[in-house]
Amino acid sequence: MSTGRWRGVPLAVRCVVAVAVLVFAYGTAVHVVQLLLPQFGPQLDLPGWLTLYFTSLTLWDPLAALLLAARRVQGLVLGCAVLVTDATANGYANYVLDPAGGVTPGRIGQAVITALAVGLVALTPWLTPWFARSAVQRH
């Protein structure tokens, strides 16, 4: 990220974006594993719409990572949307559908996703000026 499209971008911005790209790459891997190896997926019976949403993350996570790495504003927007909806979906699965009480691995994961969502949403106004805009926006 030090040459080409990222030249002149402060190290702090590059580090935040690199972490976000890694988060979405990790999310991609998790959702692909859960899709291909159901024993590693949720142990709850999820409604069809929620299963469809989690399955769709095998597309949205890598797309967000690629757009962020390409320094596209759309990557920030998609990244925020993915993390906020993922935190919400996991919250529903872990607090509404899961009858377990107390702290569970799913609830810890949901808290982490929520923290990541809050972080990216909060940092987006700071990051946006460093992202490429389309030719239409520049004129």
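Remember, predicted model here, so these are calculated numbers, not experimental data.
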**Q** Heavy-atom distance under 4.5 Å between the side chains of L116 and D86, does that happen here?
**A**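 The answer is no, as the side chains (C-beta and beyond) never meet within the 4.5 Å cut-off.
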
**Q** Is it the case that one hydrophobic cluster holds both L127 and L22, taking links as side-chain heavy atoms less than 4.5 Å apart, direct or via other members?
**A** no

**Q** In Å and rounded to the nearest 0.5 Å, what is the OG1 to CH2 distance from T128 to W126?
**A** 11.0 Å

**Q** Can you see which heavy atom on A25 is nearest to which on A65, and at what distance?
**A** N-CB, 4.5 Å

**Q** In Å and rounded to the nearest 0.5 Å, what is the CG to CD distance from L66 to Q74?
**A** 13.0 Å

**Q** Run N90 and F54 through side chain to side chain contact (heavy atoms under 4.5 Å, CB included) and show every step you take.
**A** CA-CA 9 Å; N90 274 286; F54 286 132; 3.7 Å; yes

**Q** Using every non-hydrogen atom in the two residues, find where G75 and L67 come nearest and quote the distance to one decimal.
**A** CA-CB, 3.4 Å

**Q** With clusters defined by side-chain heavy atoms of hydrophobic residues (ILVMFWY) lying less than 4.5 Å apart, directly or transitively, does V21 cluster with V13?
**A** yes

**Q** When you look at T28 and T58, which way does the side chain to side chain contact (heavy atoms under 4.5 Å, CB included) test go after all the steps?
**A** CA-CA 5 Å; T28 300; T58 61; 5.8 Å; no

**Q** Is there a path of hydrophobic side-chain contacts, each under 4.5 Å between heavy atoms of I, L, V, M, F, W or Y residues, that connects L120 with V84?
**A**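 No, L120 does not connect to V84 through the hydrophobic network.
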
**Q** R72 and R5: which non-hydrogen atoms are nearest, and at how many Å?
**A** CD-NH1, 4.4 Å

**Q** What's the spacing between I113 CD1 and N94 CG if we round to 0.5 Å?
**A**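 Answer for the CD1-CG pair, I113 versus N94, is 8.5 Å.
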
**Q** May I have all residue pairs that pass ring pair (Phe, Tyr, Trp, His ring centres under 6.0 Å) and include part of residues 101-121, sequence neighbours excluded?
**A**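 Residue pairs passing ring pair (Phe, Tyr, Trp, His ring centres under 6.0 Å), neighbours aside: none found.
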
**Q** I need the minimum non-hydrogen distance between W130 and G8, along with the two atoms involved.
**A** CZ3-O, 3.7 Å

**Q** Which pair of heavy atoms, one from P125 and one from A122, lies closest together, and at what distance?
**A** CD-O, 3.4 Å

**Q** Using the rule that two of Ile, Leu, Val, Met, Phe, Trp, Tyr join whenever any of their side-chain heavy atoms come within less than 4.5 Å, decide whether V17 and L63 are in one cluster.
**A** yes

**Q** Hey, what do you get for CG (L83) to CZ (F24), rounding to the nearest 0.5 Å?
**A**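 Reported value, rounded in 0.5 Å steps: 3.5 Å.
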
**Q** Say you draw a straight line from CG of L78 to CG of L68; how long is it, rounded to the nearest 0.5 Å?
**A** 8.0 Å

**Q** Under 4.5 Å between side-chain heavy atoms, counting indirect links through other Ile/Leu/Val/Met/Phe/Trp/Tyr residues: same cluster for L46 and W60 or not?
**A**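 Yes: a chain of side-chain contacts under 4.5 Å links L46 to W60.
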
**Q** Grab the two heavy atoms, one from D61 and one from H31, that are nearest each other, plus how far apart they are.
**A**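 Of all heavy-atom pairs spanning D61 and H31, the closest is OD2-CD2, 3.3 Å.
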
